[in-house]
Number of protein chains: 2
Amino acid sequence: MTHSEEDYIKAIYHLGTSGNERVATNAIAEQMETKPSSVTDMIRKLSEKEYVSYKKYQGVSLTESGIGKALSIVRKHRLWEVFLVDKLDFSWDEVHEIAEQLEHIKSEKLIDSLDKHLGFPKFDPHGDPIPSKSGVLTKTTKMLLNELKVNQSGICVGVKDSSAPFLKFLDKHGIALGDKITVLDKEDFDGSLHININDKSILISHQIGSNLYVRCD
Amino acid sequence: MTHSEEDYIKAIYHLGTSGNERVATNAIAEQMETKPSSVTDMIRKLSEKEYVSYKKYQGVSLTESGIGKALSIVRKHRLWEVFLVDKLDFSWDEVHEIAEQLEHIKSEKLIDSLDKHLGFPKFDPHGDPIPSKSGVLTKTTKMLLNELKVNQSGICVGVKDSSAPFLKFLDKHGIALGDKITVLDKEDFDGSLHININDKSILISHQIGSNLYVRCD
DNA sequence: CATAATTTTTAGACAAATCTAAAAATATAT
DNA sequence: ATATATTTTTAGATTTGTCTAAAAATTATG
Ligand SMILES: [Mn+2]
Ligand SMILES: [Mn+2]
Ligand SMILES: [Mn+2]
Ligand SMILES: [Mn+2]
């Protein structure tokens, strides 16, 4: 399996909310920053190798084998992200691009040793779950911050958007995974939120609130 | 610079004893396990990019820019080898293949952080020097074990052959970097050596002796 | 439901890296 | 020095991944 095939499988996995839904050619093209015709070509190849099931004009979905492959790549990606943050002191907004390369390194023993070295982490620096060696994902009951009602609170457990600008924004405003956030008020006008975090009260936009995951047991 | 270009540059570097000598097309083909015609094609490309100087039928040598690139790849290769042995508990005969992949990961910050994480090592697990960020190699005065005279001794500081079978042989006979080896006797017949190591006296072949480096200040 | 807009696929081209087979240059040996 | 052997290059083909432009299928709209 080539570098490129792996990136396509992973894109299909993420777009199809973990494998099951059918994914459109154009959606893959946009995610991969490539052209729809290139996607069609690759899909045909992946279909021949039985990683995806494909009917012309009907989009693709991952097969069992494709989901397995995707989970293995996601596992590697997220373990490397943990390594970069925990061991090499990268910040969480710097790791994605490098993990994008490291996820393609081929060695079963390497990734298992890395897992052990990191203390078998369950989540990556963005709060996303790390699949186990056998492909099991820790399910968490998380919701978006702006789904909370006024006076409810939750623990920040992940981000939906993990782009560098968003992560930098969170750093700047002192919002980190594990922090307790309480919704003090909601503006009807634009959906922005008054929240309390680390004993400070700040105002955040609807867009921020819709990209932060919280858990409120 | 592509994965493949980097591997060619590195092969030329190693074959040309660190850059200066002209290297034959066939030698590169053999090292890379590829065909001479493929080498000619690649050499032409590297020549256009001015990483090598090339005159038809006369072999190639690295330019200044090519040597710089080679040192950067060798630095990455050897730092990753140290990581695998020191942090992930790999044995020295298992690391080469994986480092062969890891050396192509592109991120200046990654390799500098890794260097720091490892405590700025000067040598890799096989005793080979790690080029500094600026491309400086620690020069050591090492000689092959079978160049020693009877009753001379030296500290084992490296291997010439770093293939898994040879490294496994050394492990099996308890020979490791840093060990003191004394030559007790030499057989005229086949050049084999009686040596003393770790208070034990063993007999090793000429071939073993010609692949072990020692330093005897 | 017929037409327009959008999505998806096909056809054909290209760059990168490889190969085989044959030709050209260089090296070796009598 | 001439013939032979070896090395190196060229010519032409193949695979992988990509692209543009055009055709075909699907979806949306009036
Ligand atoms: Mn990737
Ligand atoms: Mn992540
Ligand atoms: Mn390599
Ligand atoms: Mn080494």
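Both backbone and side-chain heavy atoms feed into the values below; hydrogens, waters and symmetry mates do not.
Look at OH on Tyr8(B): it is 14 Å from P on dA16(C), rounded to the nearest Å. Taking atom CZ of residue Arg44(B) and atom P of nucleotide dT8(D), one finds them 15 Å apart after rounding to whole Å. dA15(C) atom C1' lies 17 Å from atom CE of Met1(B), rounded to whole Å. The nearest whole Å value for the distance from the CG atom in Asp41(A) to the P atom in dA15(C) is 17 Å. The separation between Gln58(A) atom CD and dA25(D) atom P is 12 Å, rounded to whole Å. Atom-to-atom, OH of Tyr57(A) to C1' of dT7(C) comes out at 9 Å; the value is rounded to the nearest Å. For the pair Ile43(B) CD1 and dT8(D) C1', the computed distance is 9 Å after rounding to whole Å. The distance from atom NZ of Lys55(B) to atom C1' of dT9(D) is 17 Å, rounded to the nearest whole Å.
OP1 or OP2 of dT8(D) has not a single side-chain nitrogen or oxygen of Tyr54(B) nearer than 4.0 Å. In this structure, Ser4(B) reaches the dT18(C) phosphate: one of its side-chain N or O atoms is under 4.0 Å from OP1 or OP2.
When each of dA11(C), dT16(D), dT26(C) is scored by its nearest atom to the side-chain atoms of Thr2(A), the top-ranked nucleotide is dT16(D). Proximity note for Ser37(A) (side chain, C-beta onward) versus dT10(D), dT18(D), dA21(D): the nearest is dA21(D). Nearest to the side-chain atoms of Lys56(A) among the listed nucleotides dT26(D), dT10(C), dT18(C) stands dT10(C). Residue Pro36(A) places its side chain closer to dT9(C) than to any other of dT18(D), dT18(C), dT9(C).
Of the N and O atoms on the side chains of Trp92(A) and Asp124(A), not one donor lies less than 3.5 Å from an acceptor on the other residue. Donor-acceptor pairing under 3.5 Å is recorded for the side chains of His104(B) and Asp7(B).
Stacking of Lys109(A) on the aromatic ring of Phe90(B) is recorded, both the 6.0 Å distance cut-off and the 45° axial limit being met.
Summary of the strand contacts: Val39(B) and Ser38(A) both lie near DNA chain D, and taking for each the nucleotide with the nearest heavy atom, the more 5' one is attributed to Val39(B).
For residues 24-35 of chain B, proximity to DNA chain C is found at Thr34(B), Lys35(B), defined as any non-hydrogen atom under 4.0 angstrom from a strand atom.
In summary, Asp115(A) and Lys133(A) do not engage in a salt bridge, as defined by a charged side-chain N under 4.0 Å from a carboxylate O.
Contact check for Met42(A) versus Leu46(A): side-chain heavy atoms found under the 4.5 Å cut-off.
Among the heavy atoms of the strands lying under 4.0 Å from Thr40(B) is at least one base atom, whether or not backbone atoms are also near.
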Working for ring-ring contact (aromatic ring centres under 6.0 Å, His included), residues His96(B) and His126(B) | CA-CA 10 Å; His96(B) 186 79; His126(B) 313 107; 7.2 Å; no
Before giving the answer on ring-ring contact (aromatic ring centres under 6.0 Å, His included), spell out for Phe83(A) and Phe83(B) the whole-Å C-alpha distance, their side-chain angles and the decisive distance to 0.1 Å.
-> CA-CA 12 Å; Phe83(A) 169 72; Phe83(B) 169 72; 5.1 Å; yes
